[in-house]
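Note that this is a predicted model, so its numbers are computed, not measured. Excluded from the calculations below are hydrogen atoms, water molecules and symmetry mates; all remaining heavy atoms, backbone and side chain alike, are included. Here is how names work: the chains are called A, B, and so on, in the same order as the sequence lines, proteins then strands, and each is numbered from 1.
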Amino acid sequence: MKFHLEFERPIAELESKINELRHLTSGQDVDIVSEIQRLQAKAEKLLSQAYGKLTPWQKVQVARHPERPRFSDLVSRLVEDFTPLAGDRSFGEDRAIMGGFARYRGRSVMIMGHEKGHDTESRLRHNFGMPKPEGYRKARRFMELADHFNLPLISLVDTIGAYPGLDAEERGQAEAIARCLETSLSLKVPYVSVIVGEGGSGGAIAIATSNHVHMLEHAVYSVITPEGCASILWRSAAKAQEAAVAQKLTAQDLLGFKIIDSIITEPLGGAHRDHPLTAAKIDQVLSQSLGELSRLDGPSLQKHRREKFLSMGRTLPMN
Amino acid sequence: MKFHLEFERPIAELESKINELRHLTSGQDVDIVSEIQRLQAKAEKLLSQAYGKLTPWQKVQVARHPERPRFSDLVSRLVEDFTPLAGDRSFGEDRAIMGGFARYRGRSVMIMGHEKGHDTESRLRHNFGMPKPEGYRKARRFMELADHFNLPLISLVDTIGAYPGLDAEERGQAEAIARCLETSLSLKVPYVSVIVGEGGSGGAIAIATSNHVHMLEHAVYSVITPEGCASILWRSAAKAQEAAVAQKLTAQDLLGFKIIDSIITEPLGGAHRDHPLTAAKIDQVLSQSLGELSRLDGPSLQKHRREKFLSMGRTLPMN
Amino acid sequence: MSWLTNLVPPKLRSLVTKVDVPDNLWHRCTDCGQMIFHRELVENQYVCHHCSHHMRMSAQERLRLIFDEGKYTLIPFPKVAADPLKFKDSKKYVDRLKDARAKTHNEDAILVATGTVKGVPLVAGVFNFEFMGGSMGMAVGEGILKAAQTALEKKYPLVLFPSSGGARMQEGILSLMQLPRSVVATTMMKEARLPLINVLCDPTTGGVSASFAMLGDLTISEPAAVIGFAGRRVVEETMKQKLPDDFQTAEYLLEHGMVDIVCHRHQLPETLARILKLLS
Amino acid sequence: MSWLTNLVPPKLRSLVTKVDVPDNLWHRCTDCGQMIFHRELVENQYVCHHCSHHMRMSAQERLRLIFDEGKYTLIPFPKVAADPLKFKDSKKYVDRLKDARAKTHNEDAILVATGTVKGVPLVAGVFNFEFMGGSMGMAVGEGILKAAQTALEKKYPLVLFPSSGGARMQEGILSLMQLPRSVVATTMMKEARLPLINVLCDPTTGGVSASFAMLGDLTISEPAAVIGFAGRRVVEETMKQKLPDDFQTAEYLLEHGMVDIVCHRHQLPETLARILKLLS
Ligand SMILES: [Zn+2]
Ligand SMILES: [Zn+2]
């Protein structure tokens, strides 16, 4: 933990105090040991309190936490023999989306997701997880390869959105996303998504049009960023906190609207505090999801996916 | 006729003399009228002689004649309701290949082809008929649309070859051509090609992998231009004439090798002397070809196309 | 300038006709600035006489202009849950809906209708930009699905006329879900091999461009219509440099391979009919 | 420098091993210029110890290095018509063929074989650049078709190793026809859903790159291999400007979205086996 969010400060101070005390004692000083235990219990209580009642805006911050597990962190823990593939076969290699063949619990799969990077160099390399058209076209290749070889498809979603640049617009950002949706809805293999961090608009749904969509406890998923929403509807990006509340972008809200299938609980204090445990929790849900879906044949999987999206909103109360 | 090839000069002089004489007489002067008739007969004889024994290199020149009918010239005479479509849906609009829906003899078809342009402005606009990857990707869209709507596909081939530029290489010229071939071989609709002018290498075969390939009498079709062949094998582009002979690139040679299905005779003195008649002759062959193919169902058409190419070369004498 | 709406952000502001404008009202062309007599503008299908600028028009007007003799049958589609997010910014979403309905006499931002165009029967789905910027929420999703379903039942082609700033933010994630939902509609059309044509009207942006609008067998666009995913201002902020003047126009998209035909409004019925006759 | 062939244009000239080189012969690395002992070069799979440059090697050598314990079974394929064009430039085509056969002990520019790679059975089609620049004529076409047919019969994956300047000009239009013919082979593999991997070796250009070589389910490339359609010099003449140094290299193609993996020769068998196990 090198980075602390505003509301984590008191906890961070406590933790740094605990660390100091630990350096003071070799374990013999009973007073210090019990003081450490007391402080640790307090820190955990604070964490549990803070993370038990995160505001939507705090969730946005947690979802964007620089130490939140990335695609690369998760893939190394979830699968074996990961073999990343590259390229859209028409313009370029966009590392904002990564993916390839892998072995998941002994079974071959295709796994893909947004990669934001973890330091300046890798963030630039992955364009902060904001795909350009070639990223979506690569994702479509992954989908088609999964379909061709009858492999279950897993997507890990974590993007603030598609890259809003001149070059991306020029090369058909809209078309590339639309085509991803089209391909997603026609696949005849099990397709499971996990919203890991930010589920940002068209940039997210392009690789989240799947049979089961799961969401980490503090992840967010929305049609536009709170800042974007605030600047359009409130005419001020500063109203992002307010917008975040209005948007109903938390996993808990989305489960209520039946947009997602389940919430994956995060380790105490957020996914960024424990990558291995986060991966283990994702693994559990993925495994169950793929198990269920593998009982369906190709046409049923396709039908299931289409009907899932068609039914969205239709069961909500009318007024 | 504004442009004359070297070997056409004597004929051109004769024709200009005939024109002069025509201006001298209002039709009353019997001597001049009969002189005109005599000269005209001579010009026709010269034309017939010259075009009856064109060397391969002369055929290359005729095939490249600036007044040879272009895609636009032919399409306006062959079909009605031509509705050009545009774009590869990922990078750009390449006007070196044109195409769209049309009505051919009352029946809906997709028609496409290379367009070289007819003056400086249109030549630049159509990049002299040399497609870039987006041109081939557009052609693939045409093929897929034809297949989707069960429309016969017609291609008119006339290119010196694919554009050999940095940008074209960067965006996957090889991939774009390969993918065209792949799509061509899977279509389940009648597909007929006419080599109208130059059938240049990969740039040509990309849209000539069809059920029936016809070729205008003086068109050429080869794996590399005579200049390119000469500069590699003879180490001198100046040996192009020699290379043209060795390459066996004439319609007559290709019919012998069973690479093409038929030769379409050109008007006296070459297609450039009479666009309407050229179109009429193409029309006749197209109509027969499409009639024959329309008796086959989708899978048979696909099989016919694949077997046609598989059999090529297999029936040639072994030594 | 009472005839300019202020409901939508400035860049989306456009000439909007009121149902009750008197015949002698003048409009100013939003492109060349020339004044045009209301009656003349209507007669010229909302195309400026001076500069050929294609102005926005209501869904009703478009239906009237597209279909033979202005005759068509509206197709009703299911109502949707009202305001599931209880959304409120400076104003409640339910109030915005109420105002938009009052202003447009439409239930939501799309009308679905069937009729003939130069004799060719088809189903049309027409966006109404006046209705909250033509934004796509649950109702629009149902409209598109109903349009496709009707086309499938009747074996008619489907022609969609998006004119939309994108997803309807006030419906949150439910509006994002209209992207895949509308693509189910286009996919059904394709699987039935029935023609699907999009006629992109000004503007076709955001989630609308990133879904059904880019998936037609053919893509036609009105001249100078703005088409793109990210808004021009957002792109400008990202690029920190001036964008080309024609950025995200129909003509720009044609050059970039995304559009088949940029078609003058006056030629549209004839063009649609010619293509659909070829595809039937 | 007797071990440098002069048969092919300078840019295609490369280090070529003779079958009968004595063990104490030295080679100069074509990239870094360092001298390498022949035996060491062979032991290191023709990769330079100094700069990791991947040199070309014969089809036999590649088969030996790819397959487990160097064991494989060659698969014969039909003979083709000899010299149908009666082609002659400075030399007769029939004589060039005779020379190439004598030099390489191969019938033509491709060998087809089956065997196991780290335990995974597969069919391989390996080009021999020494044989007239690996050019693709009728024999190569038959080889590729036979490779696919064998893979289909045995239900094995197919791995192709192009190393070719392109179509064989001496066979004229018949060599151009190998583009669609080889694509029939890749199409059959795909329809059977059997894995098809291309391992692009230096060089993969011209008609070979514009056909089967770009149509694998996966595309692997050897480091620094030259891959492209038009030759560098032709492009230079067209562009009238200097091209990037890495133009048309495997790494350049990776950045431009055309290649999945640039794989060191030493890792190739393991990589192929890992992928094929995932796809079986
Ligand atoms: Zn105007
Ligand atoms: Zn070296």
Side-chain angles (χ1 to χ4, degrees), chain B residues 75 79-112 124-127 131-154 167 171-172 176 188-189 298, chain C residues 118-120 155 157-158 186-200 209-221 223 227-229 244 246 249-264 267-280:
Chain B
V75 101
V79 299
E80 293 172 304
D81 287 345
F82 178 54
T83 304
L85 305 179
D88 67 344
R89 294 299 180 270
S90 67
F91 185 85
E93 159 61 351
D94 182 344
R95 297 185 177 84
I97 291 182
M98 300 295 287
F101 300 122
R103 194 172 302 283
Y104 175 69
R105 293 195 172 211
R107 186 173 169 183
S108 301
V109 298
M110 173 68 83
I111 185 164
M112 64 177 178
L124 285 169
R125 185 174 156 85
H126 296 288
N127 199 29
K132 297 184 180 183
E134 35 283 11
Y136 294 111
R137 289 176 186 139
K138 179 169 74 165
R140 218 176 125 217
R141 248 193 92 215
F142 295 159
M143 294 176 189
E144 284 167 352
L145 276 170
D147 212 43
H148 186 70
F149 289 113
N150 199 27
L151 305 177
L153 176 62
I154 300 166
D167 55 341
R171 294 196 295 275
K188 288 184 174 145
V189 292
Chain C
K118 303 275 175 194
V120 180
K155 299 197 190 309
L158 173 60
T186 63
T187 303
M188 291 190 307
M189 289 300 294
K190 287 185 186 179
E191 285 173 354
R193 309 224 170 186
L194 287 168
L196 168 65
I197 299 181
N198 273 295
V199 179
L200 310 184
S209 71
S211 58
F212 73 90
M214 283 293 158
L215 297 175
D217 297 310
L218 250 81
T219 309
I220 297 176
S221 174
I227 307 159
F229 182 59
D246 66 345
T249 61
E251 294 74 14
Y252 177 92
L253 265 84
L254 183 74
E255 284 312 306
H256 286 89
M258 299 297 153
V259 163
D260 286 296
I261 300 166
V262 176
C263 183
H264 192 288
Q267 265 86 63
L268 189 59
E270 188 272 329
T271 303
L272 283 174
R274 187 177 71 240
I275 293 167
L276 293 174
K277 278 178 190 160
L278 285 168
L279 297 185
S280 67

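Interatomic distance, CG of C:L218 versus OG1 of B:T83, reported as 8.5 Å (0.5 Å rounding). The distance from the CD atom of C:E255 to the CG atom of B:D94 is 10.5 Å, given to the nearest 0.5 Å. Between atom CD1 of residue C:I275 and atom CZ of residue B:F101 there is a gap of 7.5 Å, rounded to the nearest 0.5 Å. Atom-to-atom distance recorded for B:N150:CG and C:L279:CG is 11.5 Å, nearest 0.5 angstrom.
Contact of C:T219 with chain B is made through backbone and side chain together, with heavy-atom distances under 4.5 Å. For B:F91, the part sitting under 4.5 Å from any heavy atom of chain C is the backbone (N, CA, C, O) and nothing else. Interface residue C:I261: only side-chain heavy atoms are found under 4.5 Å from chain B. Using a 4.5 Å cut-off between heavy atoms, C:I220 makes no contact with chain B at all. The contact between C:L254 and chain B is made by backbone and side chain atoms together, counting heavy-atom distances below 4.5 Å. B:L85 touches chain C through backbone and side chain together, each having a heavy atom under 4.5 Å away.
In terms of heavy-atom pairs under 4.5 Å with chain C, the best-connected choice from B:R137, B:R141, B:E144, B:R107 is B:R141. No other option in B:S108, B:G100, B:S90, B:G92 has as many heavy-atom pairs under 4.5 Å with chain C as B:G92. The candidate with the highest count of non-hydrogen atom pairs below 4.5 Å against chain C, out of B:A86, B:G87, B:P84, is B:A86.
Under a 3.5 Å cut-off, the side chain of B:R89 and the backbone N or O of C:G257 do form a donor-acceptor pair.
Side-chain contact between B:F149 and C:L278 is absent, with no heavy-atom pair separated by less than 4.5 Å. Looking only at side-chain heavy atoms (C-beta outward), B:E93 and C:H256 stay at 4.5 Å or farther from each other.
A salt bridge does not link B:E80 to C:R274: none of the charged nitrogens lies less than 4.0 Å from a carboxylate oxygen.
Of all the heavy atoms in B:D147 and C:R193, the pair that sits closest is O-NH1, 3.2 Å.
Within 6.0 Å of the NZ atom in C:K118, the count of heavy atoms belonging to other residues, nucleotides or ligands does not exceed 12.
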